[in-house]
Amino acid sequence: MSDLVEVNMVEAICRGLGQLLEGDQESLLLGEDIGANGGVFRATAGLRGRFGEERVVDTPLGEAGFVGAAIGMCLVGLHPIVEIQFDAFVYPAFEQLISQAARFRWRTRGAYGLPLVVRIPYGGGTRAPELHSDSPETLFSHMPGLRVVVPSDPLSAGEMLVAAAELGDPVIFLEPKRMYRRGRQAVPQTFQPADLDRAVIRRPGTDLTVIAYGAMIEVADAAAQQLEQDGVSARILDLRSIYPLDRGAILAAAEETGRVMVVHEAARHCGLGAEVAALLQEEVADRLLAPTLRVTGMDMPFPLSQNEDDALPSVGRVLAAAHSMLDY
Amino acid sequence: MSDLVEVNMVEAICRGLGQLLEGDQESLLLGEDIGANGGVFRATAGLRGRFGEERVVDTPLGEAGFVGAAIGMCLVGLHPIVEIQFDAFVYPAFEQLISQAARFRWRTRGAYGLPLVVRIPYGGGTRAPELHSDSPETLFSHMPGLRVVVPSDPLSAGEMLVAAAELGDPVIFLEPKRMYRRGRQAVPQTFQPADLDRAVIRRPGTDLTVIAYGAMIEVADAAAQQLEQDGVSARILDLRSIYPLDRGAILAAAEETGRVMVVHEAARHCGLGAEVAALLQEEVADRLLAPTLRVTGMDMPFPLSQNEDDALPSVGRVLAAAHSMLDY
Amino acid sequence: MLQYRAVGTEPNHVGTPVTPGRGPGPGAPGADLLEGARTVLGLPDSETTSRLRAWPRQAALDLFLAMARLRAFDERAVILQRQGRIGTYPTFYGEEAVQAASVLALRAEDWLFPTYRQTAVVTLRGCPPLVPLLMWRGHPGGWHDVMRYRVAPVCVPVATNLPHAVGAAWGARLRGQDLVALGYGGDGATSAGDFHEACNLAAVVGAPVIFLINNNQWAISTPISRQTKVPRIAEKAAAYGIPAIRVDAFDVFACFEAVQEAADRARSGQGPTLVEAIGYRLGPHGTADEPSLYRDLESDRLWDPMEPLRRTHLALEAAGVATSAELDQVREQAAAELSDIGQAIESTPAVAVEEIAATVHLETPWGLTPDRLFEPSWPGGGGPG
Amino acid sequence: MLQYRAVGTEPNHVGTPVTPGRGPGPGAPGADLLEGARTVLGLPDSETTSRLRAWPRQAALDLFLAMARLRAFDERAVILQRQGRIGTYPTFYGEEAVQAASVLALRAEDWLFPTYRQTAVVTLRGCPPLVPLLMWRGHPGGWHDVMRYRVAPVCVPVATNLPHAVGAAWGARLRGQDLVALGYGGDGATSAGDFHEACNLAAVVGAPVIFLINNNQWAISTPISRQTKVPRIAEKAAAYGIPAIRVDAFDVFACFEAVQEAADRARSGQGPTLVEAIGYRLGPHGTADEPSLYRDLESDRLWDPMEPLRRTHLALEAAGVATSAELDQVREQAAAELSDIGQAIESTPAVAVEEIAATVHLETPWGLTPDRLFEPSWPGGGGPG
Ligand SMILES: Cc1ncc(C[n+]2csc(CCOP(=O)(O)OP(=O)(O)O)c2C)c(N)n1
Ligand SMILES: Cc1ncc(C[n+]2csc(CCOP(=O)(O)OP(=O)(O)O)c2C)c(N)n1
Ligand SMILES: [Mg+2]
Ligand SMILES: [Mg+2]
């Protein structure tokens with residue numbers, strides 16, 4: 001097992017970035033405070049030293065400017081990986097992502113894609129100040145043209161990052177920052193690219209399925225353990241890709257377990273839970289033993305830290321939804 | 001009937017704006033080219049002449065700047081109504097709307113709201129260039145704190161505009177520009193404020209409900225007429241408010257007609273159709289005679305004009321969905 | 001009511017004929033901005049003549065041909081719009097000099113980042129004019145081959161293209177490629193945040209980029225006085241530590257020299273330059289625009305002497321670089337290149353939306369495949385009609 | 001490894017004691033930016049003394065008290081953070097002079113638009129310090145009464161507050177209200193598009209707004225050299241046609257005069273002013289920051305003589321405005337005001353999320369009412385646990 005190393009998620013990401021910089025001379029990192037400082041979460045710690053300031057580039061402030069510049073870099077053959085410092089600070093770059101990056105391949109009639117990865121530490125649960133806990137995945141998956149992915153543990157973070165960088169189209173890579181230091185996992189020295197199209201069954205189960213991603217996998221897992229004690233076998237499907245969805249895995253979950261719920265931190269209204277519920281209606285309504293339920297963030301700004309636990313989907317709420325479906 | 005006047009939608013909006021400027025000395029209009037030019041759609045035609053350049057204000061370019069300024073104006077007691085020139089040009093102001101305007105009441109513990117209306121001509125069907133046909137309603141309704149409304153005809157445009165200006169919280173007022181000159185309607189000289197919380201049944205029906213809003217009402221209506229000839233009675237529910245939804249009207253439609261479809265131009269993935277389908281699952285799954293179907297825009301950039309009719313929900317697609325539900 | 005010129009007549013006559021000349025007529029609005037701007041055609045006659053004689057003749061004629069092509073494109077596009085063969089169209093009548101110069105002063109490997117107002121510059125890189133015309137028709141064939149021409153897709157949101165130009169230039173330098181990038185913008189664009197972030201970033205990293213700001217003194221109906229307190233846009237460059245050049249936008253020779261100088265600076269590692277081309281929007285914002293609502297067409301016409309085709313024609317003729325007949329012939333040649341374009345547009349086959357859907361992602365996701373594009377396969381007896 | 005000062009010791013001593021003085025120690029990084037900045041405390045001793053003697057004594061002492069309150073708040077906040085009673089906290093150690101001056105130079109009816117770094121200025125308008133501390137605890141009681149204090153909610157995204165300040169100022173003028181607005185920003189903020197759009201708009205409409213840019217030469221780990229080619233931020237104002245004042249950020253008297261002058265301009269209809277307060281970030285970016293990763297703590301310490309509390313203390317003492325004991329007493333008074341604050345924080349009752357949900361909209365939508373906040377009423381036997 002000497003080729004395995006125990007890392008937490010942020011270390012896995014840092015290793016993944018190092019691997020990309022090492023293996024691909026055209027890759028480079030851009031962002032605020034990612035150089036000497038190593039990023040506010042230390043996701044780029046040590047990389048400036050190894051790769052120099054032309055490959056691990058501290059940008060001035062202005063997310064529109066440096067995300068836009070990353071788009072331009074792609075045109076001359078570079079493979080930029082951009083770090084947005086915190087979730088809510090991607091909004092100034094929203095137009096560059098939605099109206100520009102997302103449309104480049106389409107604007108070249110399919111000929112050229114932008115090999116661009118935008119890393120965004122996101123989500124709540126870290127007791128951070130206002131606007132440091134947003135979940136913007138729906139925005140980027142509703143507006144067409146971008147891939148949106150979310151890892152849930154160190155291994156998937158490394159493997160999905162490497163895959164995102166190789167994809168050839170822009171990827172919004174959402175990192176559940178609450179999971180950054182939530183425990184270590186043995187990962188290989190070199191990450192193999194994940195199949196970004198595939199959701200992964202994190203826990204087998206036959207009575208119901210909890211569809212989740214990112215930090216919510218942990219919540220789903222805790223709930224599934226409790227359900228197991230009650231004799232309920234809950235499957236956990238880690239979506240990983242928010243757009244496109246792994247339709248096959250979602251439909252299979254519905255067909256095989258008959259009950260599906262979706263758990264996410266983002267607001268409920270028009271969130272991913274809605275999409276899954278609608279998809280199941282359209283495709284396998286007759287296979288459902290219970291309505292598809294959603295356990296989500298609230299339709300309000302993410303609360304300041306004293307109340308964030310109230311707003312984050314909890315094990316209790318997942319259990320309540322599970323029982324609601326089971327009793328249906 | 002001398003107190004009625006026949007107007008198209010853009011005239012109704014212009015009259016509504018005039019009424020607001022007339023009746024509320026603290027109101028003013030901000031936007032690009034809204035003054036002497038009267039707006040690129042002429043929604044402010046003549047208002048500069050009547051109210052002067054301090055109340056119908058041409059701003060420099062920079063949507064973040066003037067939307068941000070409108071927020072500041074609210075603090076000193078003004079009631080700004082901002083025009084965004086075209087849908088996709090609201091994205092530079094996204095952060096100002098999502099992270100600032102949407103959170104002001106919450107940041108004052110409920111004490112103070114921003115009496116701000118942001119008018120956005122939106123949607124396809126006008127043979128316009130790229131990025132002049134976007135449907136951004138989902139973005140503003142998913143991110144919490146804003147009201148999002150869409151009128152569908154001259155009367156609702158005038159009445160809802162007046163209501164939005166009186167609401168006391170920021171309203172994203174989406175104007176289906178395809179309907180701007182789509183026919184005239186008799187409207188009162190003075191608009192009474194609409195109840196923004198209420199969806200409106202545009203056509204009674206018992207066999208199924210088509211939920212739509214904005215320009216899609218027209219499509220739904222054409223389909224309903226055809227269905228009627230086949231002996232199918234289709235209700236049309238004009239949502240008007242995208243956030244919050246008129247839950248009562250939606251659930252009633254499901255309970256009373258058993259079949260519900262949702263039609264919108266915005267992309268399908270996590271669009272409003274998904275929300276309605278999910279809501280019906282959660283609340284009245286057992287009352288549904290067929291799965292909730294969605295007839296929506298495609299998960300791709302809105303096509304250039306030659307192909308826009310392919311991408312816009314059509315009567316044919318609404319009929320197909322209706323038959324799919326009826327045959328279920 | 002005054003009208004803008006009829007297509008095919010120039011300069012922008014309405015009643016009184018005006019003579020192309022050294023400068024705009026006395027009292028022309030915003031003419032003071034031209035003070036201090038570099039010019040060749042605005043010099044005293046004898047100096048212009050000697051400057052033009054010093055130009056390599058072919059280079060001068062190439063510039064004229066490029067302008068003629070742009071003009072022919074623009075005039076044809078306006079006609080096509082009136083015929084309903086293309087949609088709303090933002091004419092660039094009067095911008096031919098600065099546009100032609102910007103392309104010819106750069107090398108084929110340099111990158112251009114156009115806006116909606118420079119949709120024909122790609123034709124000066126060899127792209128058939130049919131392509132940008134299809135863009136205005138709303139046909140996907142309107143997307144040119146970005147990599148082949150090194151011209152980015154036309155950017156509709158104001159100033160959003162400028163950070164791209166910075167990134168391309170900066171990235172090329174990081175990769176050791178000897179190329180520069182040029183981003184176009186208008187006076188209005190300089191008010192947008194993206195202009196600011198682009199300029200600042202370019203300066204900090206020393207990107208070999210040129211910001212070519214076409215100060216035509218209007219942003220749709222908004223005059224520059226309402227756009228900025230600093231109508232001499234070049235002065236804004238100092239805020240970023242970027243050098244600036246002010247140049248007469250109606251002077252193809254001066255514009256050429258300005259862009260070349262900026263490119264030389266970029267190539268020699270001296271970083272970005274802002275080139276402010278000072279002009280005046282001679283026509284409407286676009287075919288849907290009605291300038292009489294917001295500006296005085298009578299005084300606008302004082303700018304007519306600057307109309308760049310005729311102005312250049314007369315100067316080249318006066319300098320003996322070419323005869324009037326030769327220059328007319330260039331114009332005719334340029335127009336002739338478009339003779340069948342209406343037909344070509346009409347006969348370009350439509351593209352199925354299914355085909356377009358397959359161009360969004362490298363691997364087309366399931367929701368965009370032909371079988372699911374209109375709707376997922378529905379239950380019951382329905383399905384796409 | 002070098003550490004920043006322990007809380008409660010000042011200036012930022014580590015080893016060698018430094019003497020508060022006229023300027024930073026020789027070779028202090030970025031000290032050249034102070035050249036030409038307005039100063040009172042940086043003048044030769046005798047001039048400083050005569051300037052201070054000319055100040056109304058009470059006004060000078062009020063400024064000192066305001067600074068002392070800010071310092072007491074900041075020190076306490078750092079302690080509370082270490083105790084785990086509040087969350088991550090962006091200390092403003094060293095910014096007390098410019099912050100105190102900015103509030104006291106304005107009137108109670110003028111509007112302030114703070115960022116995360118000016119969370120305590122509202123206390124100088126009478127708001128109990130408990131309120132901003134609750135903000136850093138993540139308690140909704142941290143939102144102060146915006147209308148009462150005329151201080152906007154703390155703005156976390158960089159530069160996003162500046163257009164608000166413009167709108168408030170402009171709007172007040174339109175309504176005939178005699179007030180000005182002041183928006184705070186950092187050197188980093190000047191790189192953001194919102195800064196640009198705010199400045200441009202303010203200039204065009206002549207808004208009575210003050211942009212107070214605290215140039216502390218760092219944006220987290222990014223030095224000003226990597227932020228802009230124009231480290232003299234005041235020079236950027238010319239791009240908007242806005243006059244600028246450069247002032248020593250560690251000099252409460254000079255800052256007061258600068259803000260007052262800007263406010264006078266604004267009130268008399270002369271529009272916006274950019275005030276660049278030139279300083280240096282004496283501490284870390286915040287409690288989660290580790291500056292030793294990116295800057296040289298040894299040379300940073302050359303700025304210690306500028307530490308504003310001690311610097312002001314010595315100058316007031318030297319000028320005979322107050323005795324050292326009197327000034328120490330002011331400091332003690334300020335600290336005493338916070339004596340029970342830890343307790344007050346702890347005993348502030350939690351707010352139920354249901355109550356927070358009712359503060360989002362004027363009329364709470366059905367999805368946010370207590371019965372539906374966690375989930376819609378579910379079918380089956382479930383429901384919220
Ligand atoms: C972000 C954005 N907002 C608004 C518009 C609508 N619009 C199109 S052109 C234009 C004026 C641009 O003026 P300028 O930059 O001077 O360029 P010009 O059209 O004069 O060449 C506006 C406001 C846009 N394209 N993008
Ligand atoms: C739009 C945005 N991007 C990134 C951040 C993260 N961030 C917080 S403070 C900061 C540096 C700001 O520097 P400066 O403006 O100089 O102010 P200072 O912190 O030095 O007072 C950054 C990048 C943010 N708050 N907002
Ligand atoms: Mg212009
Ligand atoms: Mg700073």
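Chain letters run A, B, ... following the sequence lines, proteins first, then strands; residues in each count from 1.
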field: Donor on one side chain, acceptor on other, C:Y89 and C:D74, under 3.5 Å
entry: yes
task: Scan side-chain atoms only and decide if C:Y280 and C:W218 contain a donor-acceptor pair under the 3.5 Å cut-off.
output: yes
query: So which of C:T190, C:L293, C:V158, C:T160 has the biggest tally of heavy-atom pairs under 4.5 Å with chain B?
result: C:L293
query: Strictly by modelled atom types, are C:N161 and C:Y184 linked by a side-chain donor-acceptor pair under 3.5 Å?
result: no
field: Neighbours of chain B found in residues 222-232 of chain C - heavy atoms under 4.5 Å
entry: C:T222, C:R226, C:Q227
query: Would C:T364 and C:T369 count as having a side-chain donor-acceptor pair, cut-off 3.5 Å?
result: no
field: Residues of residues 289-302 of chain B contacting chain C, heavy-atom criterion under 4.5 Å, by residue number
entry: B:P291, B:L293, B:R294, B:V295, B:T296, B:M298, B:D299, B:M300, B:P301
task: For chain C, find its close neighbours in residues 83-99 of chain B: heavy-atom separation under 4.5 Å, sorted by number, or none.
output: B:Q85, B:F89
query: Is a side-chain donor-acceptor pair under 3.5 Å present for B:Q226 with B:D230?
result: no
For B:A234 against B:L227, the heavy-atom pair lying closest together: CB-CD1, 3.9 Å
task: Considering non-hydrogen atoms only, spot the tightest contact between B:R268 and C:F374 and give its length.
output: NH2-O, 3.5 Å
statement: What one should report as the nearest heavy-atom pair of C:L162 and C:G183 is CD2-C, 3.7 Å
message: For a quick test of reading the model, state the closest non-hydrogen atom pair linking C:H144 to C:V151 and the distance between them.
response: NE2-O, 2.7 Å
Proximity breakdown for B:H132 and chain C, heavy-atom pairs closer than 4.5 Å: side chain
message: Report, in residue-number order, which members of residues 356-363 of chain C are under 4.5 Å from chain B by heavy-atom distance.
response: C:I356, C:A357, C:V360
message: Is the shortest side-chain heavy-atom distance between C:T119 and C:P114 below 4.5 Å?
response: no
query: Which heavy atom in B:V263 sits nearest to a heavy atom in B:P313, and how many Å separate them?
result: CG1-CB, 3.6 Å
- prompt: Are a donor atom and an acceptor atom from the side chains of C:Y294 and B:D58 found within less than 3.5 Å of each other?
  reply: no
task: Anything under 30° is parallel, anything over 60° is perpendicular, the rest tilted; go ahead and classify C:Y116 against C:H285.
output: tilted
- request: Select one option (side chain, backbone, both, neither) describing which atoms of C:A159 are under 4.5 Å from chain B's heavy atoms.
  value: neither
- prompt: C:V122 and C:V131: side chain to side chain contact (heavy atoms under 4.5 Å, CB included), yes or no, with the steps?
  reply: CA-CA 9 Å; C:V122 72; C:V131 173; 5.8 Å; no
query: Which answer fits C:I220, side chain, backbone, both or neither, if we ask what part of it has an atom under 4.5 Å from a heavy atom of chain B?
result: both
field: Between C:G87, C:G188, C:A189, C:A192, the one whose heavy-atom pairs under 4.5 Å with chain B are most numerous
entry: C:G188
message: I'd like to know which of B:I34, B:D33, B:D310, B:L131 tops the heavy-atom pair count under 4.5 Å against chain C.
response: B:D33
B:N37 versus B:R42, closest heavy-atom pair with distance: O-NH1, 2.8 Å
B:V318 versus chain C, the contacting section by heavy-atom distance below 4.5 Å: neither
query: salt bridge (Lys or Arg N to Asp or Glu O under 4.0 Å) between B:D207 and B:R259: does it pass, once the steps are laid out?
result: CA-CA 7 Å; B:D207 297 328; B:R259 301 172 190 90; 5.2 Å; no
Within 45° cone and under 6.0 Å: C:R372 NZ/CZ vs C:W366 ring: no
query: In terms of heavy-atom proximity below 4.5 Å to chain C, should B:S314 be classed as side chain, backbone, both, or neither?
result: neither
- request: Report yes if some heavy atom in the side chain of B:V219 is under 4.5 Å from a heavy atom in the side chain of B:M216; otherwise report no.
  value: yes
field: Polar side chain donor-acceptor pair, B:Y122 to B:E175, under 3.5 angstrom
entry: no
Region of C:V353 that comes under 4.5 Å of a non-hydrogen atom in chain B: both
query: Going by atom types only, do B:S305 and B:E308 share a side-chain donor-acceptor pair under 3.5 Å?
result: no
Candidate pair C:R281 and C:D187, rule salt bridge (Lys or Arg N to Asp or Glu O under 4.0 Å), full reasoning: CA-CA 11 Å; C:R281 204 187 69 211; C:D187 45 307; over 6 Å; no
